[in-house]
Amino acid sequence: TCTTVLTGDDATSPSISCEPGQTVILSALCLLSVPDVLDGSVGSDNCGSLTWSQSPTLGTLLSSGEGATHTVTVTADDGNGNTSTCTVVLTGDDATPPVPTCEGPQTIVLDADCELLVPDLTDGATASDNCSSSFYWSQSPTAGAELASGEGTTHTVTVTADDGNGNTSTCTVVLTGDDTSPPVPTCESAQTITLDGECELLVPDLTDMASALDNCSSSFTWAQSP
């Protein structure tokens, strides 16, 4: 007799399948924290049991942005020198709204119709955001809107900052009407007054028939001198 020694050689790579791609909410610093993508991966092998790993590893922080994609490679090792890989695509999701800072309150001089002309309040507004450095601004009421107003009447303008990633935040500016237009009075016409026995002229009340026009007021307090 003679003998021949046969040694088994596992040359078959594992068959594996990764979990689907994921959307991951970005952090306050616009970083993507890599999740565990091994728990959803499955595989089989002809001979061995599988050891799993991923790269980048769980908890790795990646610089990202809205819609930015990152590929995680999952590796299965059967312990016999055979490996297989699959990939999971991670997509960054910016869910953090911007933090706007509006201009301070303003006093606005009213026009001849006692209306307040709303100024552009977006040019002095600022904002901070985790992922964006430029913003889309809007305001309501819009710049140039004419609001019926009056002395001391307040109006609130809402300013909105949009980070371009679907997140918005608002702040407000209070506008106060300031009536600086003096009234235009019309006095009674000239009068002839009969002098009394001491040759004195008794001044009559000249306010009762006086009238006035004003941009904001329809009633007036009258005084005369003498």
Side-chain angles (χ1 to χ4, degrees), residues 20-35 60-71 88-186 210-222:
Q22 299 182 27
T23 298
V24 180
I25 294 177
L26 303 176
S27 73
L29 298 177
C30 203
L31 299 175
L32 183 148
S33 178
V34 176
T60 301
L61 297 175
L62 306 177
S63 296
S64 190
E66 173 67 23
T69 58
H70 310 267
T71 300
V88 178
V89 175
L90 306 178
T91 303
D93 179 17
D94 175 18
T96 303
V99 180
T101 300
C102 277
E103 300 182 29
Q106 300 183 25
T107 298
I108 307 295
V109 174
L110 303 177
D111 66 13
D113 294 320
C114 202
E115 293 181 330
L116 183 149
L117 182 66
V118 177
D120 182 359
L121 298 172
T122 65
D123 56 355
T126 60
S128 60
D129 188 68
N130 62 331
C131 291
S132 299
S133 58
S134 60
F135 305 92
Y136 301 98
W137 294 94
S138 60
Q139 68 178 66
S140 180
T142 58
E146 296 179 337
L147 307 179
S149 189
E151 173 65 26
T153 301
T154 58
H155 309 266
T156 299
V157 178
T158 300
V159 177
T160 301
D162 185 329
D163 67 1
N165 296 329
N167 306 299
T168 62
S169 290
T170 62
C171 56
T172 58
V173 180
V174 175
L175 306 178
T176 302
D178 182 16
D179 176 17
T180 61
S181 299
V184 179
T186 300
S211 62
L213 296 175
D214 188 69
N215 63 331
C216 290
S217 298
S218 59
S219 60
F220 306 92
T221 301
W222 295 91

Query raised in the report: Above 12 or not: heavy atoms from other molecules or residues under 6.0 Å from OH of Tyr136?
Result: no
Requested in this report: Could you tell me whether Ile25 atom CD1 has more than 12 heavy atoms of other residues or ligands within 6.0 Å of it?
Outcome: no
Report summary line: dist Leu61:CG -> Leu26:CG (nearest 0.5 Å) comes out at 11.0 Å
Query raised in the report: Hey, does the side chain of Asn215 reach the backbone of Asp111 with a donor-acceptor pair shorter than 3.5 angstrom?
Result: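 Present.
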**Report entry** Short side-chain to backbone donor-acceptor contact, Asn130 and Ser27, under 3.5 Å
**Finding:**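 Flag set: sc Asn130 to bb Ser27 pair under 3.5 Å.
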With heavy-atom distances below 4.5 Å as the criterion, would you say the side chains of [X] and [Y] are in contact?
| X | Y | result |
| --- | --- | --- |
| Pro100 | Val159 | no |
| Glu66 | Asp93 | yes |
| Val157 | Pro141 | yes |
| Val184 | Thr186 | no |
| Glu151 | Asp178 | yes |

**Report entry** Candidate pair Asp129 and Asn167, rule side chain to side chain contact (heavy atoms under 4.5 Å, CB included), full reasoning
**Finding:** CA-CA 10 Å; Asp129 188 68; Asn167 306 299; 5.7 Å; no
Kindly list each side-chain donor-acceptor pair under 3.5 angstrom involving residues 115-126, sequence neighbours excluded, with atom names and distances?
unit_1: Asp120; atom_1: OD1; unit_2: Thr122; atom_2: N; d: 2.9
unit_1: Asp120; atom_1: OD1; unit_2: Thr122; atom_2: OG1; d: 2.7

Query raised in the report: Given the rule in the side chain to side chain contact (heavy atoms under 4.5 Å, CB included) test, do Ser64 and Leu31 qualify, once you have shown the distances and angles that lead to the verdict?
Result: CA-CA 5 Å; Ser64 190; Leu31 299 175; over 6 Å; no
Query raised in the report: Which pair of heavy atoms, one from Asp214 and one from Ser181, lies closest together, and at what distance?
Result: OD1-O, 3.2 Å
